[in-house]
Amino acid sequence: MDGNGRWAKARGELRTQGHLEGLKAAKRIVKAAADMGIRYLTLYVFSTENWKRTSDEVGFIMGLIKQYLRSELEFYEENHIRLRHAGDPGGLPQEIAAEINDMCIETKKYTGMQVILALNYGGRDEIMRAINRAAEAGENIVSLNETTLSSYMDNPDIPDPDLIIRSAGEYRTSNFLLWESAYAEYYFSPVLWPDWTEKELQNAVESYQNRERKYGGIT
Ligand code: IPE
Ligand code: MG
């Protein structure tokens, strides 16, 4: 979900205003995705590298999460949304880690779309934590295979992503789902995240529907 800062700058507003608008866009897109019948939607909210930003900006984003995570409970209920977390909870402020954990438990009963909040998430960090968890669980690291390592990722029950979307015209993955994205289709859009509407999501899905997925094979 890139482009919040540029969206604000273009309006002569503070970057934080961009994050506020970005949050509204996230809610629009979650609703649209749920209505389209998408089963899993991962939102890259805050990366392991985003801590490099100013403490004002980091504090504002953490504040937004703290303020809105629970207050949207009715929205999750209405849309049968189950929340999940990807990332290292250990590196998050304790009250936010606890709130996410609570919300994951409270929404576990909802059987609609699963929304995975990638928060303090890094692809390399996830792989390293998985290796460490495997070692701690007594797996033989020397003979570790892909299936076993996959089972130690943050959400092993969630299928690999079919489509990865990046907004705001950058052509990078920025450490997102490195392990899981091996055969994902990518969609890059110039539209800044706060400007995203259902239409942008439909365009991305339509593009995906016209791809031919071969997984390294031939058709
Ligand atoms: C994405 O928007 C939001 C987060 C990473 C939290 P940016 O804040 O990266 O927006 P730009 O890239 O500065 O426009
Ligand atoms: Mg950015």
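Just follow the structure's listing: the first ligand is 1, and inside any ligand the first atom is 1.
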- So, E95 and K66, do they make that salt bridge, N to O below 4.0 Å?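 Salt bridge absent between E95 and K66.
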Quiz item: Heavy atoms only: which of R6, E57, R53, M1 is nearest to atom 14 (O) of ligand 1?
Solution: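 When every heavy atom of R6, E57, R53, M1 is considered, R6 comes closest to atom 14 (O) of ligand 1.
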* **Shortest reach to atom 2 (O) of ligand 1 by a heavy atom, considering only V45, N4, T16, N50** =>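 Heavy atom nearest to atom 2 (O) of ligand 1 belongs to N4.
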Name the closest protein heavy atom to atom 10 (O) of ligand 1, giving the residue it belongs to and the distance to 0.1 Å.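 Among all protein heavy atoms, the one nearest atom 10 (O) of ligand 1 is G5 N, 2.9 Å.
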Which residue supplies the protein heavy atom nearest to atom 13 (O) of ligand 1, what is that atom called, and how far is it?
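Protein heavy atom with the smallest distance to atom 13 (O) of ligand 1: R15 NH1, 3.0 Å.
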Item to complete: Tell me, please: is A168 in heavy-atom contact with ligand 1, that is, under 4.0 Å?
Response: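 It does not, in that no heavy atom of A168 comes within the 4.0 Å cut-off of ligand 1.
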For ligand 1, which atoms sit closer than 4.0 Å to a heavy atom of I61?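 Those of ligand 1 that fall under 4.0 Å from I61 are 6 (C).
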W7 six-ring centre to R11 NZ/CZ under 6.0 Å and within 45° of normal: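 Yes, cation above the ring, under 6.0 Å and within 45°.
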Any N/O/S atom from E170 (main chain or side chain) under 2.8 Å of the Mg ion (ligand 2)?
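No, since none of the N, O or S atoms of E170 sits under 2.8 Å from the Mg ion (ligand 2).
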Test your reading of the model: is there a side-chain donor-acceptor pair from N210 to the backbone of E206, 3.5 Å cut-off?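 Confirmed, N210 side chain pairs with E206 backbone.
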Rounded to the nearest 0.5 Å, what separates atom CE in M153 from atom CD1 in I158?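 One finds 13.5 Å between CE of M153 and CD1 of I158.
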Supply the atom-to-atom distance N132 CG to E136 CD, rounded to the nearest 0.5 angstrom.
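That separation rounds to 6.0 Å.
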*Taking atom types as modelled, is there a side-chain donor on W51 or N120 under 3.5 Å from an acceptor on the other?*
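Checked: W51/N120 side chains pair up, N/O donor to acceptor below 3.5 Å.
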If you measure only the distance, is there a donor-acceptor pair under 3.5 Å linking the side chains of R166 and S174?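 Side-chain D/A pair, R166 to S174: present.
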| message | Could you identify the N, O or S atom of D2 positioned closest to the Mg ion (ligand 2)? | response |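 Looking only at N, O and S atoms of D2, the one nearest the Mg ion (ligand 2) is named OD1.
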Check: Side chain, backbone, both or neither: which part of H19 has a heavy atom under 4.0 Å from ligand 1?
Finding: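 The answer is the side chain of H19.
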